Amino acid sequence: MKPAKSSPVPIARRGLMLVISSPSGAGKSTIARTLLAQDSQIGLSVSVTTRPRRASEVDGIHYHFISIREFERLRDSDALLEWAEVHGNFYGTPREPVEAAMAEGRDMLFDIDWQGALQLQEKMSADVVSIFVLPPTMTELQSRLHRRAEDSEDVIARRLANSRAEIAHWREYDYVIVNDDLETAFDAVQSIVRAERLRRDRRHGVFDFVTKLLEETPVL
Ligand code: ADP
Ligand code: 5GP
């Protein structure tokens, strides 16, 4: 008979700030959504944006849709951890939910562009793990933008034109994933998250665990 499995030893760790970026249409939101649905330990940082809402989006879930005036108020009162202008609209990460999550050791996912990734890496380098998602080909990127069918033709053209400049930032990320087959790409993201959660410097509870371990005197 197999011995009964003991429950895992709980070891406290710091929260992870998982940043995912890509040129528009490469599939980062699809990967992010799948991760959020399958992994109850991670929550989404809901950005504010001045971009118009897409038909499939819900205010407060996908973004907080706000006016330019409100955006400027938040930015000028230091309520945003990072912000950037992307494809002609403003986007930003509300500071308070991130600081609360980090204080409680919860993981957070950020679907933000390279400018935002850079700002978070500068401010919170120990907590940030960054992934850049690439399309398999530029032709496929174009067809995904059309297949998504949520943006007008001129918005799609603008996003495609910007994609080369965005891809140029791939070296600034910890990991690079080519999203050809979605399942394979998602698998890679899960592996990264699993390994990063196990890093010694993130698991501050290891110190107490080892101290107790060495105090233990086995009965011979
Ligand atoms: P992004 O968030 O990077 O702008 P999305 O996640 O919205 O991109 O994906 C753009 C479109 O491509 C969506 O219609 C999505 O369903 C599709 N898509 C994402 N990943 C793949 C994939 N591996 N193969 C085929 N289509 C994909
Ligand atoms: P979309 O309009 O397709 O939702 O997003 C456009 C781009 O803005 C994407 O690259 C997305 O990752 C980025 N983005 C979304 N929210 C934020 C944010 O809060 N900060 C920054 N810097 N970029 C963001």
Side-chain angles (χ1 to χ4, degrees), residues 17-37 44-66 70-71 74-75 79-98 108-123 128 130-152 154-156 158-170 172-173 176-189:
M17 293 172 68
L18 186 70
V19 171
I20 304 192
S21 306
S22 79
S24 187
K28 70 184 164 310
S29 303
T30 308
I31 291 172
R33 266 200 305 277
T34 316
L35 186 65
L36 290 165
L44 177 69
S45 162
V46 180
S47 298
V48 294
T49 183
T50 60
R51 158 167 87 59
R53 187 177 62 81
R54 293 181 182 137
S56 66
E57 291 175 329
V58 180
D59 190 21
I61 304 249
H62 299 94
Y63 283 107
H64 300 288
F65 295 95
I66 59 173
E70 176 64 0
F71 183 89
L74 292 174
R75 183 194 60 194
L80 302 178
L81 198 51
E82 63 75 33
W83 68 272
E85 185 176 352
V86 192
H87 311 306
N89 297 298
F90 291 107
Y91 296 83
T93 299
R95 176 189 297 280
E96 197 276 323
V98 182
M108 272 265 194
L109 177 66
F110 300 80
D111 175 340
I112 60 177
D113 86 323
W114 65 270
Q115 305 173 79
L118 202 66
Q119 292 172 59
L120 293 190
Q121 275 158 355
E122 277 167 3
K123 285 185 183 156
V128 172
S130 58
I131 304 178
F132 197 81
V133 179
L134 289 168
T137 63
M138 296 307 274
T139 312
E140 173 63 13
L141 182 68
Q142 183 170 15
S143 22
R144 283 184 194 171
L145 280 171
H146 282 108
R147 251 184 277 143
R148 184 164 70 189
E150 294 221 60
D151 294 316
S152 63
D154 57 324
V155 168
I156 290 179
R158 181 169 196 173
R159 286 174 176 238
L160 261 180
N162 289 345
S163 64
R164 285 172 197 279
E166 287 166 21
I167 290 174
H169 292 276
W170 68 274
E172 293 151 22
Y173 288 72
V176 176
I177 288 177
V178 179
N179 179 21
D180 187 355
D181 173 61
L182 184 58
E183 209 175 304
T184 310
F186 180 62
D187 228 46
V189 171

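Start at 1 with the first residue, then count along the sequence. Remember, it's 1-based here, ligands and their atoms both numbered in the order they're listed. Keep in mind it's a predicted model, so treat the numbers as computed, not measured.
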Proximal ligand 2 atoms for Lys28, defined as those under 4.0 Å from one of its heavy atoms: 9 (C), 10 (O), 11 (C), 12 (O)

Out of curiosity, is Arg54 lining ligand 2, as in a heavy atom under 4.0 Å away? yes

For Trp83 and ligand 2, does the shortest N/O to N/O distance drop below 3.5 Å? no

Ligand 2 N/O within reach of Arg51 N/O, cut-off under 3.5 Å: yes

Considering both backbone and side-chain atoms of Thr30, is one of its nitrogen or oxygen atoms within less than 3.5 Å of a nitrogen or oxygen in ligand 1? yes

Contacting atoms of ligand 2, where contact means under 4.0 angstrom from a heavy atom of Gly116: 22 (N)

re atom 8 (O) of ligand 1, the protein heavy-atom contact at minimum distance is Gly27 N, 3.2 Å

Tell me: protein heavy atom nearest atom 19 (O) of ligand 2, and distance? Ser47 OG, 2.7 Å

Evaluate the side-chain proximity of Phe90 to Ile66: yes if any heavy-atom separation is below 4.5 Å, no if none is. no

Looking only at N/O atoms, are Gly92 and ligand 2 under 3.5 Å apart anywhere? yes

Just which atoms of ligand 1 are under 4.0 Å from any heavy atom in Ser24? 4 (O)

Atom 7 (O) of ligand 1: which of Arg148, Arg144, Arg147, Arg54 has the nearest heavy atom? Arg148

With the threshold set at under 4.0 angstrom, would you say Asp180 reaches ligand 1 through any of its heavy atoms? yes

Proximal ligand 2 atoms for Ala84, defined as those under 4.0 Å from one of its heavy atoms: 22 (N)

Taking only non-hydrogen atoms of Tyr63, do any sit less than 4.0 angstrom from ligand 2? yes

Ser22: numbered ligand 1 atoms lying under 4.0 Å from its heavy atoms: 3 (O)

of all protein heavy atoms, closest to atom 17 (C) of ligand 2 is Tyr91 CB, 3.4 Å

Please write down residue, atom name and distance for the protein heavy atom closest to atom 12 (O) of ligand 2. Asp111 OD1, 2.8 Å

Could you tell me whether Ser29 and ligand 1 have an N or O pair separated by under 3.5 Å? yes

So, regarding Glu82 and ligand 2 (criterion: nitrogen or oxygen to nitrogen or oxygen, under 3.5 Å), is there a contact or not? yes

Distance from atom 3 (O) of ligand 2 to nearest protein heavy atom, with residue and atom: Arg159 NH1, 2.6 Å

Proximal candidate to atom 23 (N) of ligand 1 [heavy atom criterion; set Leu145, Ile31, Asn179]: Asn179

Protein contact to atom 7 (C) of ligand 2 [nearest heavy atom, distance to 0.1 Å]: Val86 CG1, 3.7 Å

Please work out, at 4.0 Å between heavy atoms, whether the side chain, the backbone, both, or neither of Phe110 comes within that distance of ligand 2. neither

Would you check whether Glu140 has a nitrogen or oxygen atom less than 3.5 angstrom from a nitrogen or oxygen atom of ligand 1? no

Per-atom filter on ligand 1: closer than 4.0 angstrom to a heavy atom of Leu182 are 20 (N), 23 (N)

the protein heavy atom lying closest to atom 10 (C) of ligand 1 turns out to be Gly25 O, 3.6 Å

Classify the contact between Gln115 and ligand 2 as side chain, backbone, both or neither, using a heavy-atom distance cut-off of under 4.0 Å. neither

Residue Thr93 vicinity, atoms of ligand 2 by number, heavy atom under 4.0 Å: 19 (O)

Check ion pair Glu166-Arg159 (N to O, under 4.0 angstrom): no

Polar contacts were defined as any N/O atom of the residue lying under 3.5 Å from an N/O atom of the ligand; does this apply to Glu57 and ligand 2? no

Would you check whether Asp181 has a nitrogen or oxygen atom less than 3.5 angstrom from a nitrogen or oxygen atom of ligand 1? no

Any atom of ligand 2 sitting under 4.0 Å from a heavy atom of Ser21? no

Under 4.0 angstrom from ligand 2, any heavy atom of His62? no

Under 4.0 Å between heavy atoms, the region of Glu166 that gets near ligand 2 turns out to be neither

